[in-house]
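Heads up, the thing below is written out as structure tokens.
In the text below, chain A, chain B and the rest are named by the order of the sequence lines, each starting its count at 1. Predicted model only: the values in this text are computed from it and were never measured.
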Number of protein chains: 2
Amino acid sequence: MDKNDLRNKLVLIATRLFAERGLNGVSIRELSKAAGVSISMISYHFGGKEGLYSSVLQEQFSDFDYIEEINKADTEELAKIEAYIRWIIVRYRNKPYLLRFYTSELTNPTQFFSLIVQPAIEKIIQILAQIIEEGIAKNKFRKDLNPVDTVLAMAGMVNYYFLSTLATQELINHSPERDEVLIRHYMDIFTKGILS
Amino acid sequence: MDKNDLRNKLVLIATRLFAERGLNGVSIRELSKAAGVSISMISYHFGGKEGLYSSVLQEQFSDFDYIEEINKADTEELAKIEAYIRWIIVRYRNKPYLLRFYTSELTNPTQFFSLIVQPAIEKIIQILAQIIEEGIAKNKFRKDLNPVDTVLAMAGMVNYYFLSTLATQELINHSPERDEVLIRHYMDIFTKGILS
DNA sequence: AAAGACAGAACGAACGTTCGATATTTTGAC
DNA sequence: GTCAAAATATCGAACGTTCGTTCTGTCTTT
């Protein structure tokens with residue numbers, strides 16, 4: 001087997017297990033058994049259990065480039081915002097365990113947050129706030145809006161939908177059709193709130 | 001020492017430690033050392049480590065009665081909504097580790113969710129949706145609103161503020177003054193979005 | 001033949017629980 | 001109220017299990 005095959009396989013399996021039960025909730029024996037390899041392979045390829053966990057985290061927070069592309073597109077502000085909302089939904093669909101990793105269990109979590117999560121979130125907030133500012137400058141949006149707070153309000157509406165679904169484990173049905181209804185609904189509420 | 005003194009002390013200490021590093025990230029030796037008692041006390045009083053963890057969870061999700069009082073108050077719909085937002089903020093201020101427990105690590109997490117978290121969230125959503133419905137019936141709010149989705153949008157704006165703060169560990173400054181600004185801001189956006 | 005990938009056994013450390021002994025509190029008869 | 005006895009609370013050691021890592025040897029690839 002190619003070296004990278006096993007690495008990718010371990011990251012894939014570890015992502016699901018770590019997300020379900022956390023770093024300390026999964027043993028390397030279970031991980032290696034699920035991957036069909038020896039337990040020594042985790043130390044060999046990742047330098048230890050935390051090394052594998054770090055690889056999982058890196059992979060989970062490595063898809064923030066798309067948000068920059070949204071911003072570069074030559075569309076109006078509200079279209080960019082809708083594109084951002086759709087991106088969040090796709091993100092949670094592809095990485096349903098993402099929220100768990102916001103409360104990381106690394107020996108040095110500060111490092112993980114300051115190196116990976118914080119820059120990513122700051123970048124998103126900055127880009128979206130800039131979109132709001134442009135809308136204000138063009139007199140499309142209300143002049144008295146605080147761009148950052150407005151971004152947090154908007155991001156909250158979308159993220160919370162998935163957070164509450166995770167927390168209640170089936171309280172709200174997930175489906176593409178329902179996603180579409182929610183996008184329309186959120187855009188509707190949000191648009192009425194910020195348009196001048 | 002009184003029996004309940006030690007029980008309460010252990011729950012208090014365990015809440016902070018479990019929230020910081022999760023069920024499997026804290027040993028009963030560390031817990032009992034922090035409480036200044038023997039390790040056997042945890043099994044004696046709580047029937048084991050998971051018993052203590054369950055007690056922590058129960059205590060963290062046992063403050064949902066206030067939301068019913070808000071609903072009973074003889075005030076108009078928007079005032080009730082603002083009271084709800086303030087309640088969330090106080091809740092997170094008093095229980096800053098609350099979000100961690102949404103991804104529980106119990107051996108049988110389904111039981112925890114179905115018994116504690118889900119009923120609590122469903123109750124809140126139901127009460128708030130009822131408030132929205134009343135506003136619609138009185139022609140205060142837009143007729144085309146879906147009450148439940150509207151509640152999720154509103155709850156998301158507030159909850160996400162704290163979620164993002166937790167995730168970024170200092171990205172956004174917390175203070176009563178800033179809370180007040182946010183309450184005004186969120187109420188403003190939300191009000192404009194739902195008023196008829 | 002050299003280098004890399006992998007397996008499996010072995011290691012010490014840490015884990016949660018249990019158990020017998022001891023200290024403290026509560027109970028009840030006088 | 002006193003005091004012995006019962007019940008409860010606490011301790012600390014010991015137990016068996018599981019943990020992550022390491023090491024030696026073997027197989028595969030270059």
Side-chain angles (χ1 to χ4, degrees), chain A residues 1-59 100-101 103-109 111-112, chain B residues 1-59 100-101 103-109 111-112:
Chain A
M1 191 188 293
D2 182 45
K3 176 182 176 178
N4 284 332
D5 282 355
L6 181 53
R7 284 183 61 94
N8 294 336
K9 190 178 183 182
L10 277 170
V11 168
L12 195 68
I13 290 170
T15 300
R16 185 173 54 82
L17 291 176
F18 282 145
E20 283 172 353
R21 302 201 297 274
L23 170 62
N24 295 301
V26 187
S27 68
I28 58 170
R29 279 172 176 79
E30 180 179 4
L31 275 166
S32 55
K33 191 175 181 181
V37 294
S38 166
I39 56 169
S40 50
M41 285 301 94
I42 287 164
S43 289
Y44 180 75
H45 282 295
F46 300 93
K49 190 186 179 187
E50 286 213 357
L52 173 56
Y53 191 66
S54 290
S55 296
V56 168
L57 289 176
Q58 293 245 12
E59 197 269 338
R100 154 79 74 163
F101 293 127
T103 56
S104 170
E105 286 173 285
L106 279 174
T107 300
N108 186 356
Q111 190 181 345
F112 166 66
Chain B
M1 191 187 291
D2 182 45
K3 175 181 175 177
N4 284 333
D5 283 354
L6 181 55
R7 282 184 62 94
N8 295 336
K9 190 177 182 183
L10 277 171
V11 168
L12 195 68
I13 289 171
T15 300
R16 184 173 54 82
L17 291 176
F18 282 146
E20 283 173 353
R21 302 200 296 275
L23 170 62
N24 295 300
V26 188
S27 68
I28 58 168
R29 280 172 176 79
E30 179 179 5
L31 275 166
S32 55
K33 190 175 182 181
V37 294
S38 166
I39 56 170
S40 49
M41 284 302 93
I42 287 165
S43 289
Y44 180 75
H45 282 293
F46 299 93
K49 190 186 180 187
E50 286 213 357
L52 174 55
Y53 190 66
S54 290
S55 295
V56 169
L57 289 175
Q58 294 245 10
E59 197 270 336
R100 153 79 75 162
F101 293 127
T103 55
S104 169
E105 286 172 286
L106 280 173
T107 301
N108 186 356
Q111 191 180 344
F112 166 67

Is His45(B) close enough to dT10(D) that one of its side-chain N or O atoms is under 4.0 Å from OP1 or OP2 there? yes
Hey, mind stepping through Phe46(A) and Val11(A) against side chain to side chain contact (heavy atoms under 4.5 Å, CB included) and telling me if it holds? CA-CA 10 Å; Phe46(A) 300 93; Val11(A) 168; 3.9 Å; yes
d(CG, Leu52(A); C1', dC19(D)) in whole Å: 16 Å
Length of the CG-P vector between Leu6(A) and dG4(C), whole Å: 17 Å
Given dA7(C), dG16(C), dG12(D), the nucleotide with the shortest approach to the side chain of Ile28(B): dG16(C)
Does the side chain of Tyr44(A) get closer than 4.0 angstrom to OP1 or OP2 of dC6(C) through an N or O atom? no
I need the Leu12(A) CG to Leu17(A) CG distance, nearest 0.5 Å. 10.0 Å
Could you state the atom-to-atom distance from CE of Met41(A) to C1' of dG25(D) in whole Å? 13 Å
Candidates dA9(D), dC15(C), dT21(D) - which lies nearest the side chain of Arg29(A): dT21(D)
Can you tell me the distance, in whole Å, between the NZ atom of Lys49(A) and the C1' atom of dA14(C)? 13 Å
Between atom CG of Leu52(A) and atom CZ of Phe18(A), what is the distance when rounded to the nearest 0.5 Å? 5.0 Å
Of all heavy-atom pairs between Ala34(A) and Ile13(A), which one has the smallest distance, and what is that distance? O-CD1, 3.5 Å
Between CZ of Phe46(A) and C1' of dG20(D) the distance, given in whole Å, is 16 Å
What is the distance, to the nearest angstrom, from the CG atom on Leu10(B) to the C1' atom on dA9(D)? 13 Å
Expressed in angstrom and rounded to an integer, what is the separation of Lys9(A) atom NZ from dA5(C) atom C1'? 15 Å
Could you state the CZ-P distance from Arg7(B) to dT10(D), rounded to the nearest angstrom? 11 Å
Should Ser40(A) be listed as having a side-chain N or O under 4.0 Å from OP1 or OP2 of dA7(C)? no
Please determine, for the side chain of Ser27(B), which listed nucleotide (dG16(C), dA9(D), dT17(C)) has the closest atom? dG16(C)
With no hydrogens and no angle check, is any side-chain donor or acceptor of Lys49(B) less than 3.5 Å from a backbone partner on Ile28(B)? no
Identify whether any heavy atom of Ile39(B) sits under 4.0 Å from a base atom; if not, whether one sits that close to sugar-phosphate; answer base, sugar-phosphate or nothing. base
With a 3.5 Å cut-off and heavy atoms only, can you find an N or O donor on one side and an acceptor on the other between the side chain of Ser38(A) and the base of dG8(C)? yes
